[in-house]
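For reference, the structure is listed below as structure tokens.
Note that ligands are numbered from 1 as they come in the structure, with each ligand's atoms numbered from 1 the same way.
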Amino acid sequence: MTNTTDKLVIAGREFTSRLMVGTGKYASNEQMVAAIEASGAEIITVAVRRVNITDRSKESLLDFIDTKKYTLLPNTAGCYTADDAIRTCRLAREAGMSDMVKLEVLGDEKTLFPDNEELLKAAKVLVKEGFTVLPYTSDDPIVCKKLEEIGCAAVMPLGAPIGSGLGIRNPYNIRIILDTVKVPVIVDAGVGTASDAAIAMELGVDGVLMNTGIAGANDPIAMAEAMNLAVRAGRLAYRAGRIPKKLYATASSPIEGMVG
Ligand SMILES: CC(=O)[C@@H](O)[C@H](O)COP(=O)(O)O
């Protein structure tokens with residue numbers, strides 16, 4: 001029987017769900033809430049620069065999220081320099097949001113690939129300031145190792161460019177990252193459909209973060225449920241241990257040793 005207390009642990013905090021979801025691109029806040037619920041996610045990421053977090057007298061996306069039920073993960077989406085990202089995290093903390101942050105420092109608008117040089121700079125400062133830093137990074141084991149050495153609580157290599165829905169473009173790099181770091185590895189970005197999430201989990205990653213695959217689906221609530229199931233199925237299959245791939249057939253009902 002497989003251990004059912006298979007929790008995700010980040011910086012000493014335990015989570016039952018290994019799926020983290022974003023809050024952007026939904027047709028309405030009501031749809032977002034229903035999709036989050038169907039996803040089973042416990043960690044919800046919010047773009048600090050895109051929501052009103054300071055003036056609580058005005059309507060905010062945050063009004064729709066039950067903060068007793070979910071852990072909010074402020075993120076620095078839209079930041080292109082270390083300074084910008086650091087400022088954004090400080091702003092989130094001052095506004096009373098969590099000091100566990102998803103650190104995103106983008107290199108350009110076309111690819112939205114991370115600028116790893118700026119990312120490392122920002123991570124160093126934020127770790128020193130006591131933030132629990134979860135950095136979105138390229139699927140580069142060397143950068144992931146450096147982020148771990150700086151003191152990041154997890155690493156979040158991309159599966160594919162943000163919003164692309166291309167799935168896990170380089171499963172081999174993800175495997176090398178898993179061999180390289182001890183902190184949790186969360187695949188972040190690029191998941192298009194449930195099988196992408198299952199593939200990531202079957203590689204042995206600790207979790208998956210996604211937004212567009214759910215919010216952009218024809219039926220976001222159904223897709224959120226599919227992602228929930230896929231992440232759990234992928235994790236279970238990883239822990240169960242798949243059979244090795246072989247070039248030639250092996251009979252499913254062996255006849256050796258049969259009597260008569
Ligand atoms: C929500 C968020 O943080 C995104 O920046 C993230 O990287 C998700 O990417 P997808 O939209 O491709 O799932």
Please tell me whether Ile10 and Val127 are part of a single hydrophobic cluster in this structure, the criterion being side-chain heavy atoms less than 4.5 Å apart.
no

Measuring from each atom of ligand 1, which residues have a heavy atom under 4.0 Å away?
Gly22, Thr45, Asn75, Lys102, Glu104, Ile162, Gly163, Asp188, Ala189, Gly190, Leu209, Met210, Asn211, Thr212

Quiz question: by atom type and distance under 3.5 Å, do the side chains of Asp84 and Thr76 form a donor-acceptor pair?
no

Donor-acceptor under 3.5 Å (Ser17 side chain, Leu19 main chain):
yes

Do other residues, nucleotides or ligands put more than 12 heavy atoms under 6.0 Å from Arg93 CZ?
yes

Please table the atom pairs, donor to acceptor, closer than 3.5 Å between any side-chain atom in residues 155-168 and protein atoms at least two apart or in another chain.
{"unit_1": "Ser164", "atom_1": "OG", "unit_2": "Pro161", "atom_2": "O", "d": "2.7"}
{"unit_1": "Ser164", "atom_1": "OG", "unit_2": "Leu166", "atom_2": "N", "d": "3.3"}

What residue among Val208, Asp188, Val231, Leu209 forms side chain to side chain contact (heavy atoms under 4.5 Å, CB included) with Met20?
Leu209

